[in-house]
Engineer: 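Below is one structure. I have some questions about it.
Proteins get letters first, then strands, A, B, ... in listed order; numbering begins at 1 in each.
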2 protein chains.
Amino acid sequence: MTARHEQVADDLRRLIVAGTFAIGDRLPPETRLAVQYGVSTPTLREALEVLRAEGLIAKYQGRGNFVRRPSERLTYPGPPKAERVTVSSTDATATGVLAVRLGLPEGAPLTAYVCLSHRDDSRQSLTHVYVPRTAAPLTVASPWGDDLVTAAAGVPVATSNDQVTARFPTTAEAQSLRIGTRTPVLAIERTFTTADGRHVAYALLVLPGDRAEVVLITRLDTDQEAQQ
Amino acid sequence: MTARHEQVADDLRRLIVAGTFAIGDRLPPETRLAVQYGVSTPTLREALEVLRAEGLIAKYQGRGNFVRRPSERLTYPGPPKAERVTVSSTDATATGVLAVRLGLPEGAPLTAYVCLSHRDDSRQSLTHVYVPRTAAPLTVASPWGDDLVTAAAGVPVATSNDQVTARFPTTAEAQSLRIGTRTPVLAIERTFTTADGRHVAYALLVLPGDRAEVVLITRLDTDQEAQQ
DNA sequence: CAGTGGTCTAGACCACGCG
DNA sequence: GCGTGGTCTAGACCACTGT
């Protein structure tokens, strides 16, 4: 009682790991694969969606489906492996959840930074950083936003509290990261806190689920880290 | 140029947060909603899939779509909020990645535990724990597997290394958690290590992306936690 | 331009839940 | 049995890519 698209995905996965389709190869067009497997095109696309979520293939509109190089996974937090990070900044105001997270009054002036990290023409991460607006000039940044926050906050930043969830990307996020709207992403909401307990920055990281993972190390014999 | 199913999702989301559809309410049948919005049923189902990934609604086959109670999110790691945890155990052998992770020879005897945590008739987490086979009798367990590991390992467990990824559930996982196969999940691979550096247990946690989040707290002024 | 994926249609049939 | 969601079909049209 396995679904048809799962059967197709299983067979294609077998062909890929067996090397019948080598790394970097383009798969046959979806229409032809659909005919070969005797399924309709939406069903075959479901199968490819599964493989894409596993990071086995990448789709490029107008070009085709390609076998991905394995273990291209980036880890968060960790040394950024991006080749380039492009940053842009705009003025914004604290509204709704943003004001709550930063402990600021509604409408307070903010500066919003957008960091997009690349590597080998592959988008790695999309980060939005929100800090209270200051005159601080900001130049370079890490893909996770740490540099921006330490530079923007006048005082040292002590801890960051990260909430990691799995969801689908918004259309804007999918376009920025060049992933499908049905590819799961890791969404990380970071709240930066100073030693005296003030929240000084908020960041939203979006990492493609097919090429990123979050690593956390817990000491079990000591006390567990406190929850938010 | 927004996709049709995104427009429909936006409108339904608006109706839900506005309270037109109250918490616990059943939405109209998908066929009727499709007619109302002037879209086909697959398109409308795509819209509902988006809302389900956001945790706004829950689907039950044969019954309908229901508005979920918000902030039902469980956090990992953290105090388990499950009402019940059902555990079953079977014998297994270390094969492939399992042997590598545990540092055991291929074919070594293991005991596999499956923990399923519930709460209010809602599946919360599915955990597979693999430990070297011993005669240790194991009774109760936390949903994250910690209790099982500390009981099974003869020596104290010092740290756990967790790798968090976002992906789709397997059909078996989806059935166990009673979620759709297209609902993103947080998959956490835990490796338990003793103070002398031996890997003594391996666990795979699957948390529904629409009701779970991983929380990690990082101290920025001290040295970053070492990566694996 | 031709080929590719992105999205959508208007149905169909099956499995499940409940009365 | 009836209504529900789960899955699939066999197309269609558009947008994007590279020549």
Side-chain angles (χ1 to χ4, degrees), chain A residues 1-10 12 21 25-53 57-68 121 168-183, chain B residues 1-10 12 25-53 57-68 121 168-183 210:
Chain A
M1 205 33 236
T2 315
R4 301 282 284 117
H5 69 259
E6 289 287 350
Q7 297 176 21
V8 175
D10 290 345
L12 285 171
F21 294 122
D25 276 7
R26 194 187 68 188
L27 266 54
E30 301 186 346
T31 49
R32 197 190 311 168
L33 284 175
V35 173
Q36 287 180 11
Y37 282 106
V39 298
S40 64
T41 43
T43 302
L44 186 113
R45 303 186 92 256
E46 275 295 286
L48 293 181
E49 204 63 46
V50 173
L51 300 180
R52 182 156 71 160
I57 63 171
K59 317 192 72 157
Y60 302 98
Q61 178 165 163
R63 290 205 283 150
N65 296 280
F66 294 82
V67 179
R68 286 255 317 270
D121 293 332
F168 290 130
T170 66
T171 46
E173 290 165 353
Q175 284 177 2
S176 293
L177 291 169
R178 298 214 192 291
I179 59 176
T181 51
R182 298 268 79 83
T183 299
Chain B
M1 203 37 236
T2 315
R4 300 285 283 116
H5 70 258
E6 290 286 352
Q7 297 176 20
V8 175
D10 290 345
L12 285 172
D25 276 6
R26 194 187 68 189
L27 267 54
E30 302 185 346
T31 48
R32 197 189 312 169
L33 284 175
V35 173
Q36 286 180 11
Y37 282 106
V39 299
S40 65
T41 42
T43 301
L44 186 113
R45 302 185 95 255
E46 275 295 287
L48 293 181
E49 204 63 45
V50 173
L51 300 181
R52 181 154 72 159
I57 63 171
K59 317 192 70 156
Y60 301 99
Q61 180 167 158
R63 290 205 281 149
N65 295 281
F66 294 81
V67 179
R68 286 255 316 269
D121 294 331
F168 289 130
T170 66
T171 45
E173 289 165 354
Q175 284 177 1
S176 293
L177 291 170
R178 298 216 192 289
I179 59 175
T181 51
R182 297 269 79 81
T183 298
D210 60 2

Engineer: Sequence neighbours excluded, which residues qualify as salt bridge (Lys or Arg N to Asp or Glu O under 4.0 Å) partners of B/Asp25?
Structural biologist: none
Engineer: Do the non-hydrogen side-chain atoms of B/Glu49 and B/Thr183 ever get within less than 4.5 Å of each other?
Structural biologist: yes
Engineer: Give the rounded distance in Å between these two atoms: CZ of B/Arg178 and C1' of D/dG5.
Structural biologist: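 The answer, rounded to whole Å, is 15 Å.
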Engineer: Could you work out which one of C/dG6, D/dC8, C/dC8 sits closest to the side chain of B/His5?
Structural biologist: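 The answer is C/dC8.
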Engineer: Expressed as a whole number of angstroms, how long is the span from B/Glu30:CD to D/dG3:C1'?
Structural biologist: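 Going from B/Glu30 (CD) to D/dG3 (C1'), I get 12 Å.
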Engineer: From CZ of B/Arg182 over to C1' of D/dG5, roughly how many Å is that when rounded to an integer?
Structural biologist: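 Answer to the nearest Å: 16 Å.
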Engineer: With sequence neighbours excluded, tell me which residues meet salt bridge (Lys or Arg N to Asp or Glu O under 4.0 Å) with B/Arg182.
Structural biologist: A/Glu46
Engineer: Distance check needed: D/dG6 P versus B/Glu49 CD, whole Å only.
Structural biologist: 8 Å
Engineer: CD of B/Glu46 versus C1' of D/dC8: gap in Å, rounded?
Structural biologist: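 For the pair B/Glu46 CD and D/dC8 C1', the rounded distance is 14 Å.
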Engineer: For A/Arg4 and D/dA10, give me the distance from atom CZ to atom P, rounded to whole Å.
Structural biologist: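 About 11 Å, once rounded to whole Å.
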Engineer: Can you tell me how far P of C/dC8 sits from CD of B/Gln7, to the nearest Å?
Structural biologist: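 It works out to 8 Å between those atoms.
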Engineer: Indicate yes or no: at least one non-hydrogen side-chain atom of A/Val50 is less than 4.5 angstrom from one of A/Leu12.
Structural biologist: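 No, their side chains stay 4.5 Å or more apart.
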Engineer: Between B/Leu27 and A/Glu6, who's closer to the 5' end of DNA chain D by nearest nucleotide?
Structural biologist: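 Result of the comparison: B/Leu27.
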Engineer: Enumerate the residues from residues 32-45 of chain B whose closest heavy atom to DNA chain C is under 4.0 Å, giving them by residue number; use none for an empty result.
Structural biologist: B/Gly38, B/Val39, B/Ser40, B/Thr41, B/Pro42, B/Thr43
Engineer: Is there side-chain contact between A/Pro169 and A/Ile179, with at least one heavy-atom pair below 4.5 Å?
Structural biologist: yes
Engineer: When rounded to the nearest 0.5 angstrom, what distance separates CG in B/Asp10 from NE2 in B/His5?
Structural biologist: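 Rounded to the nearest 0.5 Å, the CG-NE2 separation comes out at 9.5 Å.
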Engineer: Quick one, A/Gln7 and A/Val39 - any side-chain contact, counting heavy atoms below 4.5 Å?
Structural biologist: no
Engineer: Please enumerate all residues that pass side-chain hydrogen bond (donor to acceptor under 3.5 Å, both in side chains) together with A/Thr43, with sequence neighbours excluded.
Structural biologist: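 Counting only residues at least two positions away or on another chain, A/Thr43 forms a side-chain hydrogen bond (donor to acceptor under 3.5 Å, both in side chains) with A/Ser40.
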Engineer: Respond yes when some side-chain nitrogen or oxygen of B/Asn65 is under 4.0 Å from OP1 or OP2 of D/dG5, and no when none is.
Structural biologist: yes
Engineer: Return the polar atom pairs (N/O with N/O) between nucleotides 17-19 of chain D and the protein under 3.5 Å, or none.
Structural biologist:
none

Engineer: Nearest whole Å is fine: how far is C/dA15 P from B/Lys59 NZ?
Structural biologist: 19 Å
Engineer: Tell me every residue that passes side-chain hydrogen bond (donor to acceptor under 3.5 Å, both in side chains) with B/Glu30, counting only those two or more places apart in sequence or in another chain.
Structural biologist: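 B/Glu30 satisfies side-chain hydrogen bond (donor to acceptor under 3.5 Å, both in side chains) with B/Arg45, B/Lys59, B/Asn65 once adjacent residues are dropped.
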